[in-house]
**Student:** 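This is the structure, below, for whatever I ask next.
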Amino acid sequence: MKNTAIYPGTFDPITLGHLDLVERATQLFERVIVAVAANTNKNPLFSLIERVELAKEVLSKMDNVEVVGFENLLTDFAADCGANVILRGLRAVSDFEYEFQLAGMNRHLAPAIESMFLMPSEHSMYISSRLVREISLLGGDVKKFVPATVVTALEKKIRG
């Protein structure tokens, strides 16, 4: 396919589940843009700049992947980037209702941009940034869920 996919998210922090999805997307799309949303409504642990830098470091070996932060409407950002696909991950049935509603709204706002869903691999299906943050904040070991760079960043952020 000669398409550009945009994979949006808060990535607070980027996990092995995100990495899995991006790796697989690189096989489907000529260009993959990991779009890190400012999304202050979620009260992120890491700043937008920190999340972008972590994602860039983790994804640096993938030639057809770009990492960009954004603060505007996703469909406008996707159009500005020349993306024709919004890529989203579906971990469980609980994700489906929200993602279905979001895809419908995005289609209404930008009919030329298609939504595509990928399921994570079995080994990362249960990983979420929210759970990683919670485990880390409570002193738990998150090495199985995030790249080493992110483990270090979490330890520095939480324990100073």
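Everything numeric in this text was worked out from a predicted model, so none of it was measured.
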**Student:** Flag yes if Leu87 and Met119 sit in one hydrophobic cluster, no otherwise; membership is Ile, Leu, Val, Met, Phe, Trp, Tyr, and two members link when side-chain heavy atoms are under 4.5 Å apart.
**Tutor:** no

**Student:** If you take all heavy atoms of Gly82 and Thr4, which pair is closest and at what distance?
**Tutor:** O-CB, 3.7 Å

**Student:** Contact between Val85 and Ser115 at the side-chain level, heavy atoms closer than 4.5 Å - yes or no?
**Tutor:** no

**Student:** Mind checking whether Phe29 and Asn3 have side chains closer than 4.5 Å, heavy atoms only?
**Tutor:** yes

**Student:** Give the cluster check for Ile135 versus Leu137: same hydrophobic cluster or not, with ILVMFWY residues linked at side-chain heavy-atom distances below 4.5 Å.
**Tutor:** yes

**Student:** Going from CZ on Arg91 to CG on Leu118, what distance comes out if it is rounded to the nearest 0.5 angstrom?
**Tutor:** 13.5 Å

**Student:** ring-ring contact (aromatic ring centres under 6.0 Å, His included) with Phe11: which residues, sequence neighbours excluded?
**Tutor:** Tyr7, His18

**Student:** What's the shortest heavy-atom distance between Val142 and Ser136, and which atoms?
**Tutor:** CG1-N, 4.0 Å

**Student:** What's the shortest heavy-atom distance between Phe46 and Glu50, and which atoms?
**Tutor:** CA-OE1, 3.3 Å

**Student:** Can you name the side-chain hydrogen bond (donor to acceptor under 3.5 Å, both in side chains) partners of Glu71, sequence neighbours left out?
**Tutor:** none

**Student:** Run through the side-chain heavy atoms of Ile, Leu, Val, Met, Phe, Trp and Tyr, join any pair under 4.5 Å, and report what else lands in Ile86's cluster.
**Tutor:** Ile6, Ile33, Val68, Phe70, Leu74, Phe77, Ile113

**Student:** Quick one: pull up OG in Ser124 and NZ in Lys144 and give me the separation to the nearest 0.5 Å.
**Tutor:** 14.5 Å

**Student:** Determine whether Leu16 and Tyr126 fall in the same hydrophobic cluster, where Ile, Leu, Val, Met, Phe, Trp and Tyr are linked whenever their side-chain heavy atoms lie under 4.5 Å apart.
**Tutor:** yes

**Student:** Which of these passes side chain to side chain contact (heavy atoms under 4.5 Å, CB included) with Val36: Lys56, Arg51, Glu53?
**Tutor:** Arg51

**Student:** Keeping Ser129 on the side-chain end and Pro13 on the backbone end, is there a donor-acceptor pair under 3.5 Å?
**Tutor:** yes

**Student:** Rounded to the nearest 0.5 Å, what separation is found between the CD atom of Glu99 and the CD atom of Gln101?
**Tutor:** 10.5 Å

**Student:** Quick check on Ile49: does its CD1 atom have over 12 non-hydrogen neighbours (other residues, nucleotides or ligands) under 6.0 Å away?
**Tutor:** no

**Student:** Drop me the distance from Arg31's CZ to Asp63's CG, to the nearest 0.5 angstrom.
**Tutor:** 14.0 Å

**Student:** In Å and rounded to the nearest 0.5 Å, what is the CE to CG distance from Met125 to Leu90?
**Tutor:** 9.5 Å

**Student:** When you measure from the side chain of Asp12 to the backbone N and O of Leu45, does any donor-acceptor pair fall under 3.5 Å?
**Tutor:** yes

**Student:** Any Lys/Arg nitrogen of Glu114 or Arg107 sitting under 4.0 Å from an Asp/Glu carboxylate oxygen of the other?
**Tutor:** yes

**Student:** Val58 pairs by side chain to side chain contact (heavy atoms under 4.5 Å, CB included) with which of Val150, Val67, Val146?
**Tutor:** Val150

**Student:** Rounded to the nearest 0.5 Å, what separates atom CG in Leu21 from atom OG1 in Thr15?
**Tutor:** 9.5 Å

**Student:** Considering all heavy atoms of both residues, which atom of Ala103 and which atom of Phe117 are nearest to each other, and what is their separation?
**Tutor:** CB-CZ, 3.8 Å

**Student:** Hey, mind stepping through Val32 and Leu59 against side-chain contact (heavy atoms from CB on, under 4.5 Å) and telling me if it holds?
**Tutor:** CA-CA 11 Å; Val32 177; Leu59 300 168; over 6 Å; no

**Student:** Any heavy-atom pair between the side chains of Met62 and Leu19 that's under 4.5 Å?
**Tutor:** yes

**Student:** Are the side chain of Ser128 and the backbone of Leu131 linked by a donor-acceptor contact shorter than 3.5 Å?
**Tutor:** yes

**Student:** Does a side-chain heavy-atom distance below 4.5 Å link Arg130 with Glu134?
**Tutor:** yes

**Student:** Assess, by modelled atom type and distance only, whether the side chains of Asp20 and Ser121 contain a donor and an acceptor separated by less than 3.5 Å.
**Tutor:** yes

**Student:** For residues Leu102 and Arg88, determine if any side-chain heavy atom of one lies less than 4.5 Å from a side-chain heavy atom of the other.
**Tutor:** yes

**Student:** Taking CZ in Arg24 as the centre, count heavy atoms belonging to other residues, nucleotides or ligands within less than 6.0 Å. Is the count above 12?
**Tutor:** yes

